[in-house]
Amino acid sequence: DLALDFGPAYGLWTFERGNVWKWRHNLSPKALALANFDVGFYTNSIHDDLVVDFGPGIGLWALMNHTSWQSLHPLSPTLTVSADLDGGSLQTEELICVFPGYGIYRTNGPEHWWPYPLHGSDPSHLAVGELDGTPGKELLASFPGRGLWRYDDSGGWSLVHPFDAS
């Protein structure tokens, strides 16, 4: 599937299997991401959920299973990535967001935000990757003036490189 923003005049559309265009929302998003929240929480779906940041005042929303919009957070993140950080057998993905002034938070679906930040500072860059060969991805965050750091669920934060990523 493909999600495209055709601007304020036409809004957000998806191009789905079978060559079908579907109108999804009249607003133009600030950013788009994909995450698979559903497995183990709502359905046995293996479809990615479209995550949309509609910007300040509207916040972060998810189009769940290609059918219904659910609010994820009232704030608009500056950075967003998705990954299976915990390496769980259900293969759900967490959405990792940086909320300006609040730090890095993660969720695995509507109403499932972790009650504490992964980090209290705002990074300038986020990335995910498989760095250690164990189940689950690692989160990479570049903190201005403090270098590139790695987070994994089993070991927490560790310095990867003293220079900032750009």
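For the single chain, residues carry numbers from 1 onward in sequence order. On a predicted model such as this, the values are computed, not experimentally measured, just so you know.
- The shortest side-chain heavy-atom distance between W113 and C97 falls under the 4.5 Å cut-off.
- In plain terms, the two heavy atoms of L95 and S82 that are nearest each other are CD1-CB, 4.2 Å.
- Taking all atoms of both residues into account, the shortest heavy-atom contact from A83 to I96 is N-CD1, 4.1 Å.
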Hey, mind stepping through Y105 and H73 against side chain to side chain contact (heavy atoms under 4.5 Å, CB included) and telling me if it holds? CA-CA 11 Å; Y105 280 81; H73 203 282; over 6 Å; no
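- With values rounded to the nearest 0.5 angstrom, W149 atom CH2 is found 12.0 Å from I104 atom CD1.
- Checked by atom type and distance alone, the side chain of D5 never pairs as donor or acceptor with a backbone atom of L12 at under 3.5 Å.
- Pairs of residues two or more places apart, or lying in two chains, that qualify as salt bridge (charged side-chain N to carboxylate O under 4.0 Å, His left out) and include a residue from residues 146-159 are R106-D153, D132-R150, R150-D152.
- Taking the six-membered ring for Trp and the full ring otherwise, the centers of F143 and H119 sit less than 6.0 Å from each other.
- Listed for the N26 side chain is no donor-acceptor partner under 3.5 Å among the backbone atoms of G11.
- Residues meeting the side chain to side chain donor-acceptor pair (under 3.5 Å) test with T14, sequence neighbours left out: E16, R24.
- Partners of D164 under the side chain to side chain donor-acceptor pair (under 3.5 Å) rule, at least two apart in sequence or in another chain, do not exist in this structure.
- Clustering of Ile, Leu, Val, Met, Phe, Trp and Tyr by side-chain heavy atoms under 4.5 Å joins V160 with L131, L140, L148.
- For the residue pair T78 and P100, the shortest heavy atom distance occurs at CG2-CG, 3.3 Å.
- Hydrophobic clustering, defined by side-chain heavy atoms of Ile, Leu, Val, Met, Phe, Trp and Tyr closer than 4.5 Å, groups W23 together with L2, L4, F6, Y10, W13, F15, W21.
- Panel note: side chain S142, backbone S124; no donor-acceptor pair is recorded below 3.5 Å.
- Atoms NZ and CG, on K30 and L60 in that order, are 10.0 Å from each other to the nearest 0.5 Å.
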Extract all donor-acceptor atom pairs below 3.5 Å that involve side chains of residues 51-59 and protein atoms in other chains or at least two apart in sequence.
| from | atom 1 | to | atom 2 | distance (Å) |
| --- | --- | --- | --- | --- |
| D53 | OD1 | G55 | N | 2.8 |
| D53 | OD1 | S76 | OG | 2.8 |
| D53 | OD2 | S76 | OG | 2.8 |

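- Between W69 and H25, the gap from one ring centroid to the other is short of 6.0 Å.
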